[in-house]
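If you're wondering where the values come from, they're calculated on a predicted model, not measured in any experiment. By convention in this document, chain letters (A, B, ...) are assigned in the order of the sequence lines, proteins followed by strands, and residues within each chain are numbered from 1.
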There are 2 protein chains.
Amino acid sequence: MDDCKANAALDILIGKWKPVILYQLGNGGTLRFSELQRAIPDITKKMLTSQLRELEYHDIVHREIYMQIPPKVEYSITEYGETLFPIIELMHNWGQKHVHHLEQKYRDEADQAAAANSRNGA
Amino acid sequence: MDDCKANAALDILIGKWKPVILYQLGNGGTLRFSELQRAIPDITKKMLTSQLRELEYHDIVHREIYMQIPPKVEYSITEYGETLFPIIELMHNWGQKHVHHLEQKYRDEADQAAAANSRNGA
DNA sequence: CTGCATCCAATGAGATACTG
DNA sequence: CAGTATCTCATTGGATGCAG
């Protein structure tokens, strides 16, 4: 058979901001919408909303709405969502080594945006 | 520190066909361009080429060119590329469970909604 | 404060035809 | 056989403004 089930996991992580959001929530515990926005300065409201909705759909994050004025909404990782973290950590560690590996291989070449981005983030 | 290094790993797997290609190569060992194409019927030559090039750039697959007529090119996983497989397998297993998890979640919710409806005399 | 609607730019992906 | 070139369409991401 094919390995397309890996795509199921991939789908959840794909999206420019999903890993960062997951990191923030896995770290800060429960965060409000505005706190997330402050923690990830470059994200727009639209993106934050849509990415959160997708994660919510997949039962990775929980959305708690407080019916009050002004509105207050809190996001947190679900218990189920925690099971995703070992994978993220594995990817994180591998990715870290990989950056070195590529650097070594292409020492003199200016490399592409993808690798450059992850370096700039550090 | 942030988790953006996970993106480095993610970048490699992202792309509609990368996981399938990796699966085929991790499985069939060394394959020619045309063999890959036959193994993945829906892929176009363009996509196959571009995805392979990206994987090659990241040193995940090796491209062996035989200078002859007709041309012959063989692709295989590099030793380094092998180190990526534990991650893929983890994602695969998780993804498999996740499909069930989602099915159950949304089936249960549908059931509850149905039950609620009949209670309301709808 | 949280989030939706709209409009727009950039990228990804597919179809088809051509080449050494 | 193993690609490249070009064109088109779909999806994603981003900026801005409005609304409850």
Notebook entry, point to check: Within this structure, what is the CE-to-P distance between Met47(B) and dG12(C), rounded to whole angstrom?
Noted result: 9 Å
Margin query: Rounded to whole Å, please give me the gap between CD1 in Ile43(B) and P in dA15(C).
Written below: 11 Å
Margin query: A side-chain contact here means heavy atoms from C-beta on lying under 4.5 Å apart; do Leu13(A) and Leu84(A) qualify?
Written below: yes
Next item on the list: May I ask you to evaluate whether Trp17(B) reaches the phosphate of dG14(C), defined as a side-chain N or O under 4.0 Å from OP1 or OP2?
Entry: yes
Checklist line | Whole-Å distance separating the CD atom of Gln51(B) from the C1' atom of dG12(C) | finding: 9 Å
Margin query: Whole angstroms only, please: what is the CD1-P distance between Ile14(A) and dG12(C)?
Written below: 12 Å
Check: Counting only N and O atoms by type, is there a donor-acceptor contact under 3.5 Å from the side chain of Lys105(B) to the main-chain atoms of His101(B)?
Finding: no
Notebook entry, point to check: When you check every protein heavy atom under 4.0 Å of nucleotides 1-6 of chain C, what one-letter string (B, S, -) results, 5' to 3'?
Noted result: BSBS-B
Notebook entry, point to check: Is it true that Glu35(A) and Arg38(A) have a side-chain N and a carboxylate O under 4.0 angstrom from each other?
Noted result: no
Check: Which atom pair, heavy atoms only, marks the closest approach of Asp11(B) to Lys18(B)?
Finding: O-NZ, 3.9 Å
Check: Within this structure, what is the CD1-to-C1' distance between Ile21(B) and dA13(C), rounded to whole angstrom?
Finding: 13 Å
Next item on the list: Determine yes or no for a side-chain-to-main-chain donor-acceptor pair under 3.5 angstrom, with Tyr66(A) supplying the side chain and Glu74(A) the backbone.
Entry: no
Checklist line | Spacing of Leu10(A) atom CG and Trp94(B) atom CH2 [to the nearest 0.5 Å] | finding: 11.0 Å
Check: Would you say Glu82(A) has more than 12 foreign heavy atoms packed within less than 6.0 Å of its CD?
Finding: yes
Check: Between dT4(D) atom P and Leu48(B) atom CG, what is the distance in whole Å?
Finding: 11 Å
Next item on the list: For Glu74(B) and dA2(D), give me the distance from atom CD to atom P, rounded to whole Å.
Entry: 9 Å
Next item on the list: Round to the nearest Å and state the distance from Asp42(B) atom CG to dA15(C) atom C1'.
Entry: 13 Å
Margin query: Heavy-atom count check: over 12 atoms from other residues, nucleotides or ligands less than 6.0 Å from Gln96(B) CD?
Written below: yes
Notebook entry, point to check: In degrees, rounded to 10°, what is the bend between the two ends of the helix from dC1(C)-dG20(D) to dG20(C)-dC1(D), using five pairs at each?
Noted result: 40°
Notebook entry, point to check: Would one find more than 12 heavy atoms of other residues, nucleotides or ligands at under 6.0 Å from atom CD of Glu79(B)?
Noted result: no
